[in-house]
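A quick note: this is a predicted structure, and the numbers were derived from the prediction, not measured. First listed ligand is number 1; within each ligand, the first listed atom is number 1. The figures here come from the full heavy-atom set of this structure, side chains too, leaving out hydrogens, waters and symmetry mates.
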Amino acid sequence: MKFDVLTLFPEMFKSLDESIIGRAVEKGLIEINLINIRDFSKNKHKKVDDTPYGGGAGMVLMPDVVYDAYSSVKDENAKVIYLSPQGKVLNQNKVKELSKENHLILLCGHYEGIDQRVLDEIVDEEISIGDYVLTGGELPAMVLIDSVSRYVEGVLSEDSTKEESFSNNLLEYPQYTRPEEFRGRKVPEVLISGHHENIKKWREQKSLEVTKQKRPDLLE
Ligand code: 4FD
């Protein structure tokens, strides 16, 4: 899976060098290519934005600069995603669907906005990571890269995406490790019993219980 990220702040993506995503990049399972939109400014001062037609506060990213950044990576088979609070809210089903793509181009906007004409020209899908506003689309792009990469073959161990939260519309059962007693709290007896069938039943029961208590909306 290849991710091309169009951003004014490529340095923000350094956190993806860590842990599981960092390892997936090293192993060549995913590729994260950062494109600094500013590199495509035609201006000697590297200007990328201008005042909005019609007046008002703030600045607007100029369409030609964004289009040239896009042109440097575009490919017929790529899907272009614009991260914005106006997009469809991301969920695990959408994540799974996106993981079947080979090439995603992620466009990170800003509070200042991007000229609508270049959005109309290049964007295939507008996605939001939740109903709140951030200073930029970079954190949402990282959320998308992380969540999608988990479904790329080889990134996680064999069955770790099979039993996790949301995979069956239920939350995960609680986990325990040593010691058997911590501050007076004991590990549930059944988990120590070694009775695999009872353990399975207990975990299913707990999954349902936890979901009812924390996220009843998932059961509706
Ligand atoms: N909820 C999200 C995405 C981006 C963002 C921006 C238009 C603001 C929240 C386009 C307005 C981008 C989200 C940048 N905030 N801020 O996914």
Inset, instruction - Give the intermediate values and the outcome of side chain to side chain contact (heavy atoms under 4.5 Å, CB included) for residues Glu164 and Arg150. - result: CA-CA 12 Å; Glu164 70 186 355; Arg150 294 177 70 257; 2.3 Å; yes
Considering non-hydrogen atoms of the protein only, which is the closest contact for [atom], and what is the distance?
atom	answer
atom 15 (N) of ligand 1	Leu134 N, 2.9 Å
atom 10 (C) of ligand 1	Tyr82 OH, 3.1 Å
atom 11 (C) of ligand 1	Pro85 CD, 3.7 Å
atom 1 (N) of ligand 1	Gly130 O, 2.8 Å

Legend entry - For Tyr132, atoms of ligand 1 separated by under 4.0 Å from a heavy atom: 1 (N), 9 (C)
Legend entry - Close-contact set for ligand 1 against Ser128 heavy atoms, below 4.0 Å: 1 (N), 13 (C), 17 (O)
Legend entry - Structural part of Ile129 in contact with ligand 1, heavy atom criterion under 4.0 angstrom: both
Inset, instruction - Could you tell me if any non-hydrogen atom of Gly136 lies under 4.0 Å from any atom of ligand 1? - result: yes
Student check: side-chain heavy atoms of [X] and [Y] closer than 4.5 Å:
X	Y	value
Gln86	Glu126	yes
Tyr82	Leu106	no
Lys201	Lys206	no

Legend entry - side chain to side chain contact (heavy atoms under 4.5 Å, CB included) evaluation trace for Thr7 with Ile35: CA-CA 6 Å; Thr7 173; Ile35 299 100; over 6 Å; no
Inset, instruction - Assess whether atom CD of Glu181 is packed by more than 12 heavy atoms of other residues, nucleotides or ligands within 6.0 Å. - result: yes
